[in-house]
Engineer: 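Below you'll find the structure I mean.
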Amino acid sequence: MAISKKNQFEPGPEDGNAPAPLIAITSVVLSMALIAVGNGLMFAYIPVRLGAGGFDPTWAGLIITGLSAGGLAGCILTGPLVRRVGHARAFMVLSALIALSNAAIGAGPLPLLWIAARALYGFSIVGLFIVAQSWLNDAVANSIRGRVMAVFYVAYVAGLGVGYATLAAVDIQTAAAPLIGIAFTALSILPVGMTRLAQPPPPQAASVALARAWRISPVGVAGMLAVGGLSMAIAGFAPIHATAKGYSQADVALLLAAMPVGTLILQIPLGWISDRTDRRYVLIAAAALAVAAGMLAIGFDGGALAALVVIYIVWDGASESIYSLASAHAADRASKNDMVALSSSLLFAWSLSGFLVPGIVTGLSAFYGTHAFIYVAIVIASVFCLFVLWRVVTTQPVPTTETGSFAPMSAQAPLPVELAFAPDQQRDS
């Protein structure tokens, strides 16, 4: 029996909490936007600092691989952490670990220490997203959940852009960047520490069932495998390669700051189209655009910065769009009883690919140079494009009248996986 809602901000029909005021919901969004500023700065700072110190680019690749390994651990261990201490304390613990990671980076360019520090960061940031998004999912009703999550993603991506751009004003020979990262991480704790937003009930244990998820949506699982690698390859290795090619600190900051613009610009029109047709057509278009942009990145590699900025805006935006489109397509094909296992499995597929691909790129870079990531990204996007095309030819689409609504997402922000923090439509009995 479905339980009716009295207020669109009610956290959950079974917890008996008072309606969540908008300002309380904003506290979680604001916290993640603040932490994004520091995160973006550190993403940009590490490869540039290593390059300035004369370290081989392979070290920067190993650091990205360590980050991805930590993210995979966060995918698995966040649920038990939240069950033990609750959402608010888990958020503060994970934020403190990010601050500790930044402090280790501030100790100076020690690559082995930095690998461990970024692994800790990867664990913590994935955990933070799971905690924050599940908290918001519990706090808002179906009627506005899509809009709230869209604001959440846009706020985080915008924060990353600000952090990337901040690199241009930082003296990388000092510990200024890690100190700024620590400051923004500390600031991010304040809104959550003072929030009146009620905590959801303890989550159940979520299962990962890739075979079941594949039966529900092969394109959805393939999309997560593709975009996990694409996101980590492009966002992770672009600053490494740009630094190795001799672009200045300000150039790298501009390139990275511009890339999130593509995510914000391309997702809305692609999502609007996907709501009105077979989403797989739009996935094919996004993957093909990613392939074309990757080829242009090869052609203009080392050339005029202005041309590269435009290319990387399109490249990053097309790749990131695969994330949200594949997620929406998978949800279209799942029943409400499948959603928790499907979401957990998609997150695991994304995390697994995000761990394996950086390792592959790092190994190839040691032999073929830092531009190897471009070729790896082109191969991934091409294979995914052909796979989706094959699925279009061999299977029937979901009728547009039965699909859900598209919501913008970014692969820089893990899926809004409930980890059994089921939104209200899944709690109906």
Side-chain angles (χ1 to χ4, degrees), residues 27 29-55 59-60 62-64 66-67 70-71 74 91-129 132 155-194 235-236 238-240 242-243 247-257 259-260 412-413:
S27 65
V29 176
L30 177 60
S31 287
M32 292 304 294
L34 287 169
I35 209 166
V37 177
N39 292 349
L41 175 58
M42 296 307 295
F43 258 108
Y45 168 77
I46 288 172
V48 173
R49 181 65 184 90
L50 290 175
F55 290 90
W59 282 112
L62 290 172
I63 290 170
I64 293 294
L67 186 157
F91 192 101
M92 295 178 193
V93 166
L94 294 167
S95 297
L97 292 179
I98 289 181
L100 182 61
S101 168
N102 292 342
I105 300 297
L110 305 169
L112 289 177
L113 176 63
W114 284 19
I115 291 172
R118 293 305 276 175
L120 182 62
Y121 165 80
F123 167 81
S124 303
I125 192 60
V126 167
L128 277 176
F129 270 102
Y156 187 80
V157 171
L160 283 179
V162 172
Y164 293 148
T166 303
L167 178 69
V170 171
D171 182 356
I172 62 169
Q173 298 299 331
T174 70
L179 287 173
I180 293 171
I182 292 170
F184 274 95
T185 302
L187 286 173
S188 75
I189 299 175
L190 299 181
V192 165
M194 300 175 65
I240 297 172
T243 301
Y247 288 97
S248 70
Q249 176 181 336
D251 291 343
V252 174
L254 175 61
L255 180 64
L256 286 175
M259 285 167 60
Q412 300 300 314

Engineer: Please report the shortest heavy-atom distance between Ser31 and Pro191, naming the atom on each side.
Structural biologist: OG-CB, 3.3 Å

Engineer: Could you check whether any side-chain heavy atom of Leu190 comes within less than 4.5 Å of a side-chain heavy atom of Leu187, counting everything from C-beta outward?
Structural biologist: yes

Engineer: Could you measure the distance from the CG atom of Leu97 to the CG atom of Leu128? Nearest 0.5 Å is fine.
Structural biologist: 9.0 Å

Engineer: Heavy-atom distance under 4.5 Å between the side chains of Phe123 and Leu94, does that happen here?
Structural biologist: yes

Engineer: So Thr174 and Asp171, side-chain hydrogen bond (donor to acceptor under 3.5 Å, both in side chains) or not? Walk me through it.
Structural biologist: CA-CA 6 Å; Thr174 70; Asp171 182 356; 4.6 Å; no

Engineer: Taking all atoms of both residues into account, what is the closest heavy-atom pair of Ser27 and Val192, and its distance?
Structural biologist: O-CG2, 4.4 Å

Engineer: Starting at CD1 of Ile98, measure out to OG of Ser188 and round the result to the nearest 0.5 Å.
Structural biologist: 7.5 Å

Engineer: Quick one: OH on Tyr247 to CG on Leu255, what's the gap to the nearest 0.5 Å?
Structural biologist: 8.5 Å

Engineer: Between Phe55 and Pro111, which heavy-atom pair has the shortest distance, and what is it?
Structural biologist: CE2-CG, 3.5 Å

Engineer: For residues Ile64 and Ile240, determine if any side-chain heavy atom of one lies less than 4.5 Å from a side-chain heavy atom of the other.
Structural biologist: yes

Engineer: To the nearest 0.5 Å, how far apart are OG1 in Thr243 and CD in Gln249?
Structural biologist: 9.0 Å

Engineer: Does the side chain of Tyr164 reach to within under 4.5 Å of the side chain of Pro260, using non-hydrogen atoms?
Structural biologist: yes

Engineer: Minimum heavy-atom separation for Ala168 to Ala253, with atom names?
Structural biologist: N-CB, 3.7 Å

Engineer: Mind checking the CG-CD1 spacing from Leu179 to Ile105? Nearest 0.5 Å is all I need.
Structural biologist: 12.5 Å

Engineer: Minimum heavy-atom separation for Val170 to Ala176, with atom names?
Structural biologist: CG1-CB, 4.0 Å

Engineer: Got Leu112 and Trp59 here, is their nearest side-chain heavy-atom distance under 4.5 Å?
Structural biologist: yes

Engineer: So how far is it from Ser95 OG to Ile189 CD1, rounded to the nearest 0.5 Å?
Structural biologist: 4.5 Å

Engineer: Which pair of heavy atoms, one from Ala235 and one from Met259, lies closest together, and at what distance?
Structural biologist: CA-CE, 4.2 Å

Engineer: According to side chain to side chain contact (heavy atoms under 4.5 Å, CB included), who are the partners of Ala104, at least two apart in sequence or on a separate chain?
Structural biologist: Leu113, Ala117

Engineer: Pair up each side-chain donor or acceptor in residues 32-51 with any protein partner under 3.5 Å, not counting sequence neighbours, and list the distances.
Structural biologist:
residue, atom, partner, partner atom, Å
Asn39, ND2, Ile35, O, 3.3
Asn39, ND2, Tyr121, OH, 3.4
Asn39, ND2, Tyr156, OH, 3.2
Arg49, NE, Ile172, O, 3.0

